[in-house]
There are 2 protein chains.
Amino acid sequence: MKKVPYRFYLSEEDIPKKWYNLRADMKELPEPMLNPKTLKPATKEDLLPVFCEELVEQELNNEKRYYDIPKEIQDMYRIYRPSPLVRAYNLEKELETPAKIYYKFEGNNTSGSHKLNSAIAQVYYAKKQGVKSLTTETGAGQWGTALAEACSYFNVPLTVFMVKGSYNQKPFRKSVMQTFGANVIASPSKTTDVGRKILEKEPNTTGSLGCAISEAVEKAVTGDGCKYVLGSVLNQVLLHQSIIGLETKKAMDILGEYPDIIIGCAGGGSNLGGLIAPYMKDKLIGKTNPRIIAVEPKSCPTLTRGKYTYDFCDTGKMTPLAKMYTLGCEFIPSSNHAGGLRYHGMSPIISKLYYDGYMEATAVEQTEVFKAAILFAKKETILAAPESAHAIKVAIDEAIKCKETGERKTILFGLTGTGYFDLSAYSSYIEKTMTDYIPKDDELKKYFNELPKIL
Amino acid sequence: MKKVPYRFYLSEEDIPKKWYNLRADMKELPEPMLNPKTLKPATKEDLLPVFCEELVEQELNNEKRYYDIPKEIQDMYRIYRPSPLVRAYNLEKELETPAKIYYKFEGNNTSGSHKLNSAIAQVYYAKKQGVKSLTTETGAGQWGTALAEACSYFNVPLTVFMVKGSYNQKPFRKSVMQTFGANVIASPSKTTDVGRKILEKEPNTTGSLGCAISEAVEKAVTGDGCKYVLGSVLNQVLLHQSIIGLETKKAMDILGEYPDIIIGCAGGGSNLGGLIAPYMKDKLIGKTNPRIIAVEPKSCPTLTRGKYTYDFCDTGKMTPLAKMYTLGCEFIPSSNHAGGLRYHGMSPIISKLYYDGYMEATAVEQTEVFKAAILFAKKETILAAPESAHAIKVAIDEAIKCKETGERKTILFGLTGTGYFDLSAYSSYIEKTMTDYIPKDDELKKYFNELPKIL
C-alpha cells in the first residue's frame, strides 16, 4: 500500500471524462415525475418549457450508464479540479481512534462548494442551446455563487432569487454573485406573481427555498429565452456530481483504500448522490457492502421523519410532482436554523435508495454540528460550511465508536464546502446564543395533511 | 517539455524540507537593525525580550544558507501544501497574449493567504521555548487569521490587535480568529499605554498597522511569558516564506519553464521576498537575469516614493530601527484605501535589493487593481485578495505588452490570497463609490521631516 499523503491530488489526466448515471444500475428505478395537471409521467415536452434540451434528456434517461463530459466542461473543471482527497491524520490523532478518516474536499474553488460541478454543466448546455438568460434560486448562497461563476465564464446573464433570510444575513454572498455579474433579488420578491402572493399572506417572511424556486420557475416560463436551473434534487444534478465520487474512488484505488463507511450531508441530495455513486454501484451489483449514511439537520428531518410520497418540488406548486421523502412543500425550517440543508424534499434517487434499504439516515442538532466543525477547524485547519459539518459530526461519532470497539475502519466523508460566509452562525455558537429546534409531530402533521392526494 | 496542466501540484514528498536564506547570497547585506537608544547594531540580547530565541538566531544570521524545516512544521505544512502553480490559460486567452502566465496560489488554506507559512514556524518555536502566550497585530486580518490557526493547532493562547478600521469593516475576519480561539482587540485600544495615548490625541482614528504593532510589542514586553510575532518585514519571515519560491521553482523546473518576469505585491515584503528567493539567487550569482517587479498601492508608495533610511518599524517608536524604504513611521494611508499593503516601511532585504538595482517597483491605483481583480475572477474563477490583485494588475499589463510586441514571455506572479473578507471593497468598486488617492509631495514631506536623524 502506498504511503498516504495528507492531501492527495489525482493528476489532471486522471480527472474523470465521463459522468456516471446511477439509475442505470438500480434494481428498481425511482418513480417517474408526474405532470401535476394530468398526473401522468412527465414527458420531455412537459419539461422543455423549463429546462434546456440536453438536460431534459439527462433527466429522463434511466438506461445510459456513462455520459461523456463535453470538452468545454472539462476545460472549466480543470481550473479547480481535481479536488483533494484528504487523510484527516490530525483529527484521527485528536480522537485517538484506530479508524482511518478520509474526506473529499470540494470547497477549494471560489464558489466554495461542490455546486460548481453541476453549475458548469447546466450553463454550458444552456449556452449551447442559445438560451438568452438563466434564473435560479439560492438558499445559503452556494448554488447561486457557483452558478454566477459559471455564467460569468460562459457569458450568460443570470438572475438569482436568494432566500431573504440569507440575503440579509449574508450580504457578502450577494457581493460575490454581483462580482461575477449576477442580478440578485431577495425572495419572496415583488417581481413575480407567486412572490407577491406570499408577501401578501406573510409580509415579514424570511423566505424559503421552495418559494425561491417558485419565483425562479415563474421567471423562466414567462421570460423570453430564459431557462431555469436547479442545483440539487434532480437526476441531472446527481449525474454531474458523480464526478465527486468517481474522483474519490480513483484516488482511493491508487492509495489501496476502500471505505467501510461513507457519510454525506443531505439537503437535496446532490453531494451525497455524487459522492456515493460509484460505491453504491458496487453495492447494487453485490460487489461490496459499505455502510452509507445520509446526515440531515433535526430541524429539517426529511429522510428520518418525512413521508415517501409524491409532492411538489416547490412551495408555489408549479413544478412536476416527484416521489420523494418530503416534509410537505410548505414546510419551512425554524428561523433559528443556521446552516443550509433546509429543503423540504430529497432527490428521488436518494429517496428510493433509502426506501429500498441501501442506505441509512440520521439527523443531528445544530449545536452538535458546530461543536464538531470547530474541533475540525482547529485540527484540520479547514473552516467547514455548516452543511458539510453535519457529515463531520457523524464521521467523528463513527470514529469514536471505532475507538470503543478497537476496529480500524476506513471512514470517508464529503466535505462539500467552506464556511467563510457562515461566520455569523459560527459566532452565535461561540457566543452561546445558538439554540436547537426539533419540530413536534403535530407541527409536521400539519404539512403532511396538505400533501397532494395521489394513489 | 511536459504538457502544462491548469493546476500543477508537486507531490507531498517534493515539498521543500529546507528554507532558503537569501542573505547568504547577497553581495551586500542589508544594514543591521539598530538599538534606538544606543544607535548600535541590535544584538541578540536586544531582541530576546520581544522574540523567542531560535527566531532571533534566524533574524540575525546572514551566513547560513539553508535551514532544515523542523518535522512538526513540515507536518502542519502538509495539511495545506504544496500550493498549486496555476497556468492562467483562460486569462491568456481573454487577453489574446502570446505570453505564458503562471501564478503561485497561496490562498487555498483557511487563513486565506501565504501568511500561514511563517505563522506556523513562529508559533512552533515559541511553543518549543515554553512561551505562555503570543501577541501580534493584524491589518486586513490575514496575518491574525493565520496566526490564530497556527496557535490553535499548537495550543498557544493568542491576543490579536486588529487595526480598528478593519475590525469594524471585517467583522467576519474577527469571527474566524475567534473560531480558532484567539482574543481579538480593536486597535488603538485602552489596554495599552501607547493605545491610550493615541486615543487621547485622535479619539476617532481608525488605527494603523504601525500603531497596532506598538500595542502588541508593549503587551509582549510587559506581559508574563508573552512574546511578539510579526507577519512580515523581518528577515525570519522572508526565510519562512522562501517555501513559496522554492516550491514554485521546483514545479517550474519539472514543467521546463523559467520566468522572464516575476511579479509580487509588496506591503511589508513577505510574499515578494519568499516568491523571488530562489530566482533572486540565480540573479545574484549571475546565472540568469529575470525582471523582478514589486507592486505597491499609489496610496502607500513605500518603494516608489519613500526614503531609504533608518526608521522605526512601528508608530509608537518602540522597535529597533531598520534601514529600509519608508514613508515615515507615522504615515497612515488615506482612509479610502481598501486593500492591505498599508505598511509605512518595507522589508530591509527587499529594500536593499531594490536600492542595489536587482529589482523594479511600480505603484498602481486601487480602481485599476479591482478592475483587474474582477477580470481575473471572471476568467480564472478565483476571487483574489486586494493585495494579490496588485500583482494581477501588473501581470496583465505585462501580458498586454507582449501582445503588442509579439514576445512569448513567461510571466510568473504571486497570488497571495483570497478576498472572501474583502467584499465590501469589491462592492464599492462595483457600485462605483471607490475612489483613488495619491498623496501629494507636501503630505509625504511632513512625515519625512519626522524621520530619526541618523548619520
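Just so you know, these numbers use all the heavy atoms, side chains as well, and skip hydrogens, waters and symmetry mates. Lettering follows sequence order; numbering is per chain, from 1.
How far OH of B/Tyr80 is from CG of A/Asn108: 15.5 Å, rounded to the nearest 0.5 Å. Taking OG of A/Ser111 as the reference point, atom CG of B/Leu383 lies at 11.5 Å (rounded to 0.5 Å). How far OH of A/Tyr89 is from CZ of B/Arg78: 8.5 Å, rounded to the nearest 0.5 Å. Atom OG of B/Ser175 is separated from atom CG of A/Asp422 by 11.5 Å, given to the nearest 0.5 angstrom.
For B/Lys17, the NZ atom sits in a packed shell: over 12 heavy atoms of surrounding residues, nucleotides or ligands are nearer than 6.0 Å. Other residues, nucleotides and ligands place more than 12 heavy atoms under 6.0 Å from the NZ atom of B/Lys250.
Under a 3.5 Å cut-off, the side chain of A/Arg7 and the backbone N or O of B/Ile79 do form a donor-acceptor pair. When atom types are taken as modelled, the side chain of B/Glu12 and the backbone of A/Tyr6 share a donor-acceptor pair closer than 3.5 angstrom.
Looking at B/Tyr153, both its backbone and its side chain come within 4.5 Å of chain A, counting heavy atoms on both sides. Looking at B/Ile430, the atoms closer than 4.5 Å to chain A (heavy atoms on both sides) all sit in the side chain, from C-beta outward. The contact between B/Phe172 and chain A is made by backbone and side chain atoms together, counting heavy-atom distances below 4.5 Å. Residue contact with chain B, scored on non-hydrogen atoms closer than 4.5 Å, involves the side chain of A/Asn90 exclusively. For A/Ser424, the parts lying near chain B are the backbone and the side chain together; criterion is any non-hydrogen pair under 4.5 Å. Both the backbone and the side chain of A/Phe180 come within contact range of chain B, with heavy atoms under 4.5 Å apart.
The aromatic rings of B/Tyr420 and A/Phe421 sit perpendicular to each other, their planes meeting at more than 60°, with 30° as the lower class boundary.
With chain B as partner, the option from A/Lys174, A/Glu149, A/Arg173 having the largest number of non-hydrogen pairs under 4.5 angstrom is A/Glu149. Here B/Asp75 is the residue among B/Asn109, B/Asn155, B/Asp75, B/Leu116 with the most heavy-atom pairs under 4.5 Å with chain A.
Using modelled atom types, one finds no donor on one side chain facing an acceptor on the other under 3.5 Å when comparing B/Thr110 with A/Thr381.
Looking at every heavy atom in both residues, A/Gly181 comes nearest to B/Lys378 through N-CE, 4.4 Å.
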